[in-house]
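Worksheet: one structure, shown below.
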Protein chains: 2
Amino acid sequence: MQERSTRRSNRERTQETRARLIAAARRLFVEKSYAGTGTPEIAAAAGLTRGALYHHFADKQALFQAVVDEEAERVAAEIERQADTALTPLDALIEGGNAFLQAMAAPGRTRLLLLDGPAVLGRAAMDAIDGRHGNRTLREGLAAAMRAGAIRRLPLDPLTALLAAAYDRAALAIEAGADAQAFRLTLAAMVESLG
Amino acid sequence: MQERSTRRSNRERTQETRARLIAAARRLFVEKSYAGTGTPEIAAAAGLTRGALYHHFADKQALFQAVVDEEAERVAAEIERQADTALTPLDALIEGGNAFLQAMAAPGRTRLLLLDGPAVLGRAAMDAIDGRHGNRTLREGLAAAMRAGAIRRLPLDPLTALLAAAYDRAALAIEAGADAQAFRLTLAAMVESLG
DNA sequence: TGAATTGACATACAGGCTGCATGTATGCAA
DNA sequence: TTGCATACATGCAGCCTGTATGTCAATTCA
């Protein structure tokens with residue numbers, strides 16, 4: 001189980017080992033859910049033993065949190081990469097929403113971020129995680145639209161949470177085979193009708 | 001572990017035993033989550049053994065599903081009890097929403113129906129469960145409002161799902177200590193603005 | 001009504017999993 | 001180079017789930 005091919009510093013070793021554990025865990029958590037995946041299988045898939053896993057992570061849940069953190073960050077990055085500053089505030093909101101749905105279509109993301117995440121880590125922890133990432137851009141988009149008079153003034157945090165919930169559910173429904181276009185149109189209508 | 005006080009038929013025994021298992025499981029699942037509760041503890045809390053539990057339920061998940069089913073039915077019943085047929089379609093929608101939030105404030109319901117439920121049983125199973133109960137009234141309310149011209153015509157199923165998601169998230173936020181009134185007002189504004 | 005069958009449980013067992021304690025070898029620092 | 005910290009592997013204790021087996025009461029049926 002020892003890597004002998006190249007000489008590396010300890011810091012490099014640690015980083016790569018953590019990355020391999022997170023990658024293996026992500027794959028298995030997506031495929032068989034958090035509860036359905038055991039640490040023996042994760043360690044084996046990473047080419048390590050459970051000893052290494054428990055050396056780098058306090059417990060199975062901490063490993064899961066690392067997986068979820070990374071995934072939320074990737075989703076946020078994909079959305080921001082698509083952001084177009086030339087749009088009106090309202091169109092920017094709707095385009096951001098579509099970018100979110102597209103990002104969430106990547107396999108496993110709904111399970112990690114919308115099903116197992118809240119149940120395993122709790123809603124509060126999930127809010128903290130994507131308050132740093134995903135929700136932040138939505139919140140700012142809504143604030144900008146309100147300043148511009150494009151949508152009516154409503155309490156910002158509740159409105160952000162409620163729209164985020166709607167988009168989350170849409171991502172779930174689309175993955176389950178629902179008509180993606182109908183959901184996108186309905187979401188857009190909901191956002192526009194706030195004007 | 002034998003009940004000797006009164007003579008009962010087997011059917012009565014079964015019904016009462018199942019009810020005691022469900023009640024004990026509900027209490028523990030609410031207090032310590034699905035994953036954090038073991039079947040030994042459930043059986044003990046019900047004054048039985050695991051043998052009885054596995055005699056009446058295929059596995060731990062089937063017992064959980066029975067708990068969730070019962071809870072969803074109770075929520076739906078509480079909402080329908082408050083329904084007022086004298087209201088306009090729009091007011092009926094908003095009042096129904098408030099009744100939902102009030103019903104979901106009962107301890108444990110958000111955990112059972114909104115956190116553990118989807119993760120353990122899957123979104124599809126949860127949709128089936130409260131498509132029979134909760135969502136049905138929302139869907140009918142939206143259809144009535146559309147027919148009356150009170151809100152704009154949008155695809156009914158997506159709109160139902162998205163609004164239900166928003167209400168779910170509001171219930172979660174309120175339980176977590178958010179400003180309930182702000183959420184109620186924001187939800188009402190979202191619904192009204194569909195007009 | 002008496003025998004056979006079914007139903008309702010309790011008990012015992014086999015595997016698997018989690019977390020920790022312990023052991024070993026390697027990097028690093030004085 | 002000597003000593004400590006770091007990165008792992010191995011082994012163990014306890015718990016949990018699901019199933020197989022045994023027992024006694026309820027029900028069915030001749």
Side-chain angles (χ1 to χ4, degrees), chain A residues 1-25 27-29 31-67 116 119-121, chain B residues 1-29 31-68 116 119-121:
Chain A
M1 296 280 179
Q2 208 73 303
E3 192 66 34
R4 173 179 304 95
S5 55
T6 58
R7 274 283 167 238
R8 282 166 313 184
S9 74
N10 251 346
R11 178 140 34 197
E12 288 168 325
R13 275 175 76 91
T14 290
Q15 243 181 334
E16 188 190 320
T17 299
R18 280 181 59 101
R20 283 170 60 179
L21 284 167
I22 290 176
R27 181 159 36 87
L28 292 166
F29 286 155
E31 187 188 329
K32 316 177 10 172
S33 87
Y34 175 79
T37 306
T39 53
E41 194 176 0
I42 296 171
L48 296 161
T49 63
R50 289 180 356 100
L53 193 162
Y54 277 89
H55 177 72
H56 288 286
F57 298 94
D59 53 18
K60 186 185 168 189
Q61 183 172 328
L63 172 57
F64 179 70
Q65 176 147 15
V67 170
D116 284 353
V120 173
L121 305 175
Chain B
M1 293 283 179
Q2 209 75 301
E3 191 66 33
R4 173 181 302 96
S5 55
T6 58
R7 261 313 148 223
R8 280 166 312 185
S9 77
N10 253 346
R11 180 142 31 199
E12 287 169 326
R13 275 175 75 93
T14 290
Q15 244 183 334
E16 186 190 321
T17 299
R18 281 182 59 101
R20 281 169 62 180
L21 284 167
I22 291 175
R26 201 210 100 104
R27 182 158 35 86
L28 291 166
F29 286 155
E31 186 188 328
K32 314 178 12 173
S33 86
Y34 175 78
T37 306
T39 52
E41 192 176 1
I42 296 171
L48 297 160
T49 65
R50 287 178 0 97
L53 192 161
Y54 278 89
H55 178 71
H56 288 285
F57 298 93
D59 53 17
K60 187 184 167 189
Q61 183 172 328
L63 172 56
F64 180 69
Q65 176 147 14
V67 169
V68 168
D116 284 353
V120 173
L121 305 176

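So that the names make sense, note that chain A is the first sequence line, chain B the second, and so on, each numbered from 1. These numbers come from the heavy atoms of this one structure, side chains and all, not from hydrogens, waters or symmetry mates.
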Between [atom2] of [N] and [atom1] of [X], the distance in whole Å:
X	N	atom1	atom2	answer
A:Gln15	D:dT6	CD	P	16 Å
B:Arg13	C:dT6	CZ	C1'	14 Å
A:Asp59	C:dC17	CG	P	17 Å
A:Glu12	D:dT6	CD	P	17 Å
A:Lys60	C:dT18	NZ	P	5 Å
A:Phe57	D:dC8	CZ	P	11 Å
B:Phe64	D:dT17	CZ	P	14 Å
B:Lys32	D:dC16	NZ	C1'	12 Å

task = Report the residue (A:Thr14 or B:Gln61) whose heavy-atom-nearest nucleotide on DNA chain D is the more 5′ of the two.
result =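 The residue mapped nearer the 5' terminus is A:Thr14.
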Roughly how far, to the nearest 0.5 Å, is [atom2] of [Y] from [atom1] of [X]?
X	Y	atom1	atom2	result
B:Thr39	B:Arg50	OG1	CZ	4.0 Å
A:Leu121	A:Asp116	CG	CG	9.0 Å
B:Ile42	B:Arg27	CD1	CZ	10.5 Å
B:His56	B:Leu21	NE2	CG	7.0 Å
B:Glu12	B:Thr17	CD	OG1	11.0 Å
B:Phe57	B:Gln65	CZ	CD	10.5 Å

query = When the nearest nucleotide of DNA chain C is assigned to B:Leu53 and to A:Gly51 on a heavy-atom basis, which residue is associated with the more 5' position?
reply =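 The 5'-side residue here is B:Leu53.
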task = Specify the residue among B:Arg11 and B:Arg50 whose closest nucleotide of DNA chain C lies further upstream toward the 5′ end.
result =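 In this pair, the answer is B:Arg11.
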Aromatic ring pairing A:Phe29/A:Phe64, orientation class (parallel under 30°, perpendicular over 60°, tilted between) =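 Because their plane-to-plane angle is over 60°, the rings of A:Phe29 and A:Phe64 count as perpendicular.
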Just compare [options] and give me whichever is closest to any side-chain atom of [X].
X	options	answer
B:Tyr54	C:dA10, D:dG18, C:dA8	D:dG18
A:Ala52	D:dA9, C:dT18, C:dC9	D:dA9
B:Thr49	C:dT11, D:dT10, C:dC17	C:dT11
A:Thr17	C:dG19, D:dC8, C:dC9	D:dC8

Check whether any side-chain nitrogen or oxygen of [X] sits under 4.0 Å from OP1 or OP2 of [N], and answer yes or no.
X	N	result
A:His55	D:dA7	yes
B:Thr39	D:dT17	yes
B:His56	C:dC9	yes

End-to-end axis angle, where each axis spans five pairs of the helix from C:dT1-D:dA30 to C:dA30-D:dT1, to 10° =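 Taking the rotation axis at each end, their angle is 10°.
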message = Taking B:Ala46's backbone N and O only, do any of them form a donor-acceptor pair with B:Arg20's side chain (distance below 3.5 Å, no angle check)?
response =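 At least one qualifying donor-acceptor pair exists.
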